[in-house]
Amino acid sequence: LDGEMKQNICFVRLFVCVLTVQFGLHAETLWAADTSEPSDSKVDYVQKIKPLLGLRCTTCHGPLKQNGQLRLDAAVLIRKGGDSGSALKAGQPNESLLLDALLGRNGVSQMPAEGKPLNPKEIDLIRKWIQQGAIAPAEETIAKDPRLHWAYQVPKRSPVPSPQQA
């Protein structure tokens, strides 16, 4: 590879790492395409499911935008669901709206709406997680809308204090 190509690759990797830190994803899951799990192992939400949903779903179902009032960036919000109800039924993948959307079945449009669909290994991983009870940490942090950060608020003039009588 020539110098410019190497520089471009480094820039892309740096950009992905910055996005990884910003959205709480794990960098190793971005570089590794292996989403397979041994058939008898527990699916780790933090290591496998959250990064997968973060990369493929949170553009339309995350802190900035919630199509159908649905957020998929935290397990508690996935359970809460959106306009159509809960996105999953723990232990019942075939009754889960999330899988209906990923597979485009039962009258639900296939998601993601933009970009290529999840591959069969990724869908099987989500199916297995739901089948195992959709276990996730109770203390998971829910990201706030970054537009609410103080730096993006319009400054307001404070009232001028009145002088005290001496």
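Positions are given from 1 along the sequence.
- I135 and W129 get closest at one heavy-atom pair: O-NE1, 2.9 Å.
- Going from atom CD1 of I130 over to atom CD1 of I49 covers 8.0 Å, rounded to the nearest 0.5 Å.
- Pairing each heavy atom of A90 with each of G133, the nearest pair is CB-O, 3.4 Å.
- Contact detail for L64 and R147: the closest heavy-atom pair is O-NH2, 3.0 Å.
- Nearest approach of P51 to Y45, heavy atoms of both residues: CD-O, 3.9 Å.
- Taking 4.5 Å as the limit, every side-chain heavy atom of L88 sits out of range of all side-chain heavy atoms of L97.
- Contact annotation: the side chain of P146 approaches that of P63 to within less than 4.5 Å [non-hydrogen atoms, C-beta and beyond].
- Counting heavy atoms from C-beta outward, S41 and K128 have side chains that approach closer than 4.5 Å.
- Sorted by first then second residue, the side-chain hydrogen bond (donor to acceptor under 3.5 Å, both in side chains) pairs that include residues 73-96, not counting sequence neighbours, are R71-D73.
- Note: the hydrophobic cluster containing L103 does not contain M111 (ILVMFWY, side chain heavy atoms under 4.5 Å, direct or indirect links).
- In this structure the side chain of C57 never reaches within 4.5 angstrom of the side chain of L52, judged on heavy atoms.
- Panel note: side chain N106, backbone V108; no donor-acceptor pair is recorded below 3.5 Å.
- Pairing each heavy atom of D44 with each of V46, the nearest pair is OD1-N, 2.9 Å.
- The distance from atom CG of L98 to atom CZ of R127, rounded to the nearest 0.5 Å, is 11.0 Å.
- Evaluation of the side-chain hydrogen bond (donor to acceptor under 3.5 Å, both in side chains) test over residues 60-69, restricted to residues two or more places apart or in two chains, returns none.
- No donor-acceptor pair under 3.5 Å is formed between the side chain of Q110 and the backbone N or O of P117.
- Considering every non-hydrogen atom in both K50 and T141, the closest pair reads NZ-O, 4.1 Å.
- Counting only heavy atoms from C-beta outward, the side chains of I126 and L53 approach each other to under 4.5 Å.
- A donor-acceptor pair under 3.5 Å links the side-chain atoms of E122 to the main chain of N119, judged by distance alone.
- For Q153, the CD atom counts as densely surrounded, since its 6.0 Å shell holds more than 12 non-hydrogen atoms of other residues, nucleotides or ligands.
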